[in-house]
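Structure record follows, encoded as structure tokens.
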Amino acid sequence: MERYYSYSKYLRETFGEKVFRITVDAGFTCPNRDGTKGRGGCIYCYSGSEYRPEKRALSVREQIREGMERVRRRYGAEKFLVYFQAYTNTYAPPEVLKPIYDAIREFKEVVGLIVGTRPDCVPDEVLELLNSYTSDYLVWLELGLESSHFKSLRFMNRGHGVSDFIDAVLRVRKFPKINLCAHTILGLPTEDYEDMLETADFIASLRLDGVKIHPLHVIRGTKLAEIYQEKPFKLLELEEYAKLVVDFIERLPEKTVIQRITGEAPPELLVGPSWCTQREKPKVIEAIRREFERRDTRQGAKCRFRGEVWAGK
Ligand code: SF4
């Protein structure tokens, strides 16, 4: 029995078969790095969350082709979603963005478009552009919320407030076919346990379509690594994280797709926690599964916000 609404289950239900994600780096930068919103970026940012910056040397088209070939060889995949992941993927006017996103139209195997960005970087014109893909593709917009607490956003040097996130959600909801996912980080030194669960309630109250849950992990070369070195703070233990994730998911509506429940970095770049690697990922997922079983609980068991709110969703 599945205790939460996993991304793989959602994709199976949507497409009737396995669908694989190809991540691409379209060469964007970020307003929180170039001075428009801030300088230096978020304190945990390593190459805008992309660990293969060499991908930038290839065009988006080439990255899609190369990614599909790789995944096809490995898993026999037939259908793909293209994920614009690195940096801020809406940070340009629509006329610049369109030809970049349009690369997906050249591949009949591509069935969806995923765009990751900041909540203060989705003007209405960009939402209209994204909406134009919904007649042919599954479209997800991923917004970095990270936390529903301004003290944490300030600590992370996010350069936006919780209000920017709410404003973006309200405007995205004018386009019911755009699915909305929030990124969150658990284990910030600015937050206690209840603070973190409040972020789950916040997401539940907005009836977001999906959520990605990441443990805070410290990457070499980031501002966060400097802070950690100067004044070490507590990083989550694996078992502690597993409990937290189950508490978090219990508070989310049953329909919210849980797109990610852990996060990892290349071992050579990771300061800690040591379990945030690809190799340890199965252990993390297993610890979360065991915790669900031990409590005999499931997603939504403690959700306080159940009503349907959005017309058209
Ligand atoms: S918004 Fe994203 S790309 Fe920009 S600095 Fe923060 S983590 Fe990096």
Side-chain angles (χ1 to χ4, degrees), residues 21 23-56 60 63 83-93 96-97 100-101 114-123 126-127 130 140-169 172 180-191 199 208 210-228 259-260 262-266 269-271 276:
R21 198 172 44 193
T23 61
V24 293
D25 181 340
F28 289 104
T29 172
C30 172
N32 200 23
R33 301 176 74 107
D34 70 6
T36 307
K37 289 278 173 174
R39 288 226 177 261
C42 308
I43 58 173
Y44 54 82
C45 181
Y46 182 88
S47 294
S49 305
E50 173 57 81
Y51 296 117
R52 287 182 56 207
E54 72 278 6
K55 274 210 281 197
R56 288 199 154 201
V60 169
Q63 291 177 55
Y83 180 21
F84 288 82
Q85 180 187 25
Y87 293 94
T88 299
N89 294 281
T90 55
Y91 190 34
V96 175
L97 295 174
I100 296 173
Y101 300 156
I114 309 168
V115 174
T117 190
R118 294 166 55 84
D120 58 353
C121 214
V122 281
V126 168
L127 295 179
L130 287 175
W140 277 84
L141 179 65
E142 297 191 3
L143 297 178
L145 165 65
E146 318 313 347
S147 165
S148 63
H149 303 280
F150 184 65
K151 63 179 176 182
S152 300
L153 300 184
R154 189 158 49 192
F155 168 74
M156 289 183 272
N157 193 37
R158 285 285 301 173
H160 65 77
V162 181
S163 52
D164 291 285
F165 185 83
I166 296 171
D167 170 63
V169 171
V172 174
L180 193 51
C181 174
H183 287 210
T184 60
I185 298 177
L186 299 181
L188 289 159
T190 41
E191 298 186 7
T199 294
L208 300 187
V211 64
K212 285 188 171 175
I213 308 169
H214 304 83
L216 181 72
H217 50 288
V218 182
I219 311 286
R220 273 183 227 296
T222 62
K223 178 76 186 159
L224 184 62
E226 259 175 53
I227 295 171
Y228 184 73
Q259 297 201 7
R260 195 176 237 289
T262 187
E264 54 281 337
L269 293 177
L270 184 66
V271 176
C276 287

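Sequential numbering from 1 along the given sequence is applied to the chain's residues. Remember, it's a predicted structure, so these values are computed and weren't measured experimentally. When a ligand or atom number is given, it counts from 1 through the structure's own listing order.
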Query raised in the report: Taking side chain as C-beta onward, heavy atoms only, is F165 less than 4.5 Å from L145?
Result: yes
**Report entry** Contacting atoms of ligand 1, where contact means under 4.0 angstrom from a heavy atom of G41
**Finding:** 5 (S)
Report task. Say whether R158 and ligand 1 are in contact under the criterion: heavy-atom distance to a ligand atom below 4.0 Å. Result -> yes
Query raised in the report: About how many Å separate OG1 of T117 and CZ of F84, when rounded to the nearest 0.5 Å?
Result: 12.5 Å
**Report entry** Within-4.5 Å side-chain heavy-atom neighbours: R118 and K37
**Finding:** yes
Query raised in the report: Going from CE on M156 to CG on N32, what distance comes out if it is rounded to the nearest 0.5 angstrom?
Result: 11.0 Å
Query raised in the report: Just heavy atoms, cut-off under 4.0 Å: does C42 contact ligand 1 by side chain, backbone, both, or neither?
Result: both
**Report entry** Contacting atoms of ligand 1, where contact means under 4.0 angstrom from a heavy atom of C30
**Finding:** 1 (S), 3 (S), 4 (Fe), 5 (S)
Requested in this report: Pull out every atom of ligand 1 sitting under 4.0 Å from any heavy atom of R118, numbered as shown with elements.
Outcome: 1 (S)
Report summary line: One should read off an interatomic distance between T190 OG1 and H149 NE2, to the nearest 0.5 angstrom, of 8.5 Å
